[in-house]
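Okay, so here's the structure we're looking at.
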Amino acid sequence: MYFSQLAAYFEQIEGTRSRVEITKILAELFNKLSAEEIGQTVYLLQGRVAPLFEKTEFGMAEKTVIKSIVSSLNIDRPYFEKENHRLGDVGKTVEEFKKQYVSFEEREMSINEVFLDLERLAKASGDGSNEMKVGILSGLVRQLDSKSCRYLVRIPQGMMRLGFSDMTIIDAYSWMLVGSKQYRPEIEGAYHVRPDLGYIGRLIKEKGIEGIKKVTPEIFTPIIMMRAERLSSGEEIVKQIGTCAVEPKYDGFRLQIHYKKKTGEVRLYSRNLEDVSFMYPDVVMGVQQEINAEDIIFEGEALGYNPQTHTFLPFQETVQRKRKYDIEEKAKEIPLKLFVFELLYCNGVSHINDSFTKRREILEKVISKKNIPEKNTTILAPHELLSDASIIEKNFDDAVAGGLEGIIAKKLDGTYKPGARGWNWIKFKRSYSSKIHDTVDCLVMGYDVGKGKRTGFGIGAFLVGVYDEKEETFKTVSKIGTGLTDDEWREMKTRCDKLQTKKKPLEYTIDKTMEVDMWVIPGIVVEIKADEITQSPSHTALYALRFPRLVRFRDDKSKTDVTTFSEISGLYTTQEA
Ligand code: ATP
């Protein structure tokens with residue numbers, strides 16, 4: 001297919017507000033594409049040339065994109081900038097200029113040709129790479145027609161923002177096959193194991209739904225992580241899962257580790273599947289030296305460690321390791337210790353469908369039980385098999401007294417369910433001063449400009465919401481105007497500035513009374529502590545958080561990892577009277 005035909009589809013999608021309609025348009029488009037094209041197109045739809053978990057980024061600021069355009073069209077830069085200011089979008093501006101400009105180089109280019117150029121652009125690095133990027137983009141602007149250019153230049157700027165989620169693409173794959181959402185569970189299941197929509201698209205084209213049912217984990221493709229349900233007593237836990245393995249609940253950050261012994265390559269993925277390997281060289285080295293397997297995927301919680309006092313650090317200190325600069329120095333000051341608790345894949349075999357007991361048995365073969373924090377980086381999370389509610393309670397009390405967050409109870413015959421929150425893992429956390437037994441993770445949806453004292457910050461309150469999995473929309477639960485330090489307000493404003501947009505995103509469901517001055521596209525996740533959950537007619541989640549306070553920014557979580565609509569009503573019913 002030609003890129004110009006694809007651009008016509010982009011335009012159709014951009015002009016459509018209904019999710020169902022977008023799904024149908026995508027399905028029609030996907031039907032017309034070859035296996036190779038569908039993979040490339042799906043990345044382009046997301047403004048990328050690789051799956052989301054790969055680090056490949058364009059790294060092109062608006063001014064470099066403009067430089068490419070003006071050099072390509074040989075036009076006056078201030079004139080272009082004036083028009084851009086008037087139209088408010090480089091894509092529309094270049095389209096206008098291209099309409100008036102006759103280029104002998106203009107021709108039809110295939111999706112594949114454009115994709116390969118964009119891929120070269122994204123991968124260019126080192127000396128002279130900026131010139132190379134400008135050269136590639138200029139070349140494409142000269143060759144493509146006006147409408148194609150509108151979308152082309154939005155890609156390296158990260159401005160595609162067509163307003164749909166991965167789930168819409170998954171639905172569109174099902175629609176492509178059978179004209180309905182019938183295959184969504186199968187496709188979504190495969191996506192949780194291999195969250196690479198390009199790969200999934202190619203596989204469907206080549207092997208149909210049967211191929212999708214057989215998807216297995218692949219080293220260096222992160223698996224969407226399993227999550228825990230919550231309960232608040234030993235008795236409830238025993239009632240739910242009987243005899244269970246009880247492990248301490250560490251408060252650090254979760255890592256999924258992929259390792260190939262032959263090449264020595266280690267990749268560390270965070271909760272939201274970001275490749276964070278470069279941040280934690282000490283963990284990488286620990287894995288290379290201490291893990292006894294040919295190839296493996298496993299998980300653990302990383303905690304900061306004080307080598308002088310031999311004690312573990314609280315989350316606020318551990319989190320200092322999350323940085324882009326001075327990595328080596330910080331690693332010496334705060335080395336990380338990885339408490340390993342899960343095995344997903346080992347020596348060519350997937351273990352996600354095995355029981356916890358079996359997974360643990362293999363884990364104990366690849367990590368020595370003798371590893372200790374004084375000498376090693378990887379330590380097997382200790383666990384006890386318990387069936388007596390009062391002993392579980394005691395175990396929990398000991399954990400809390402020892403400064404831990406609580407415990408996690410694991411069902412002995414439970415499998416590893418990628419991407420699911422289920423009863424195979426149950427967290428029992430320290431109860432806060434509030435009536436609610438857990439914090440709530442929310443998406444920041446927009447904000448009001450500050451009044452009074454906060455005029456200086458430019459932000460006075462921000463609107464947060466939870467995720468309705470059925471409708472795939474975000475629904476509000478609170479507008480937060482207190483409970484942040486001055487620094488946190490400044491940080492919130494900076495983060496919001498990067499993601500602000502004039503139009504309310506399609507996936508937000510909001511009551512008129514909760515409209516805000518500025519919308520923010522999904523991207524900021526915050527953990528909120530509240531005293532109570534109350535019913536509320538003005539919030540679309542139907543509940544509101546009372547006395548909300550910011551606990552921390554959750555950069556390790558993606559938008560769909562926030563607390564769900566059904567969980568909020570669960571927290572409401574289980575809160576203490
Ligand atoms: P979610 O519940 O969505 O996973 P969360 O971080 O808000 O996210 P927590 O209440 O912190 O949830 O409980 C689950 C998290 O606990 C895991 O994601 C993991 O990072 C951490 N954790 C700590 N110790 C363990 C353990 N022994 N086994 C499993 N997870 C553990």
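Atoms considered below: every heavy atom in the structure, side chains included; atoms not considered: hydrogens, waters and symmetry mates. Note that ligands are numbered from 1 as they come in the structure, with each ligand's atoms numbered from 1 the same way.
- Ordered by chain and residue number, the residues placing a heavy atom less than 4.0 Å from ligand 1 are R227, E247, P248, K249, Y250, R254, R271, E301, F341, I408, K410, R421, W425, K427, K429, D441, R554, K557.
- Classification of the H310-Y305 ring pair by plane angle, with boundaries at 30° and 60°, yields tilted.
- Relative to the ring axis of F220, R267 places its NZ or CZ within 45° and under 6.0 Å from the centre.
- The NE2 atom of H351 sits 9.5 Å away from atom CG of L344, with the distance rounded to the nearest 0.5 Å.
- Between E229 and R421 no salt bridge is recorded (no basic side-chain N to carboxylate O distance below 4.0 Å).
- The aromatic rings of W489 and F462 stand perpendicular to each other, their planes meeting at an angle above 60°, with 30° marking the opposite boundary.
- A cation-pi arrangement, defined by a distance under 6.0 Å to the six-membered ring centre and an angle within 45 degrees of its axis, is present between R495 and F553.
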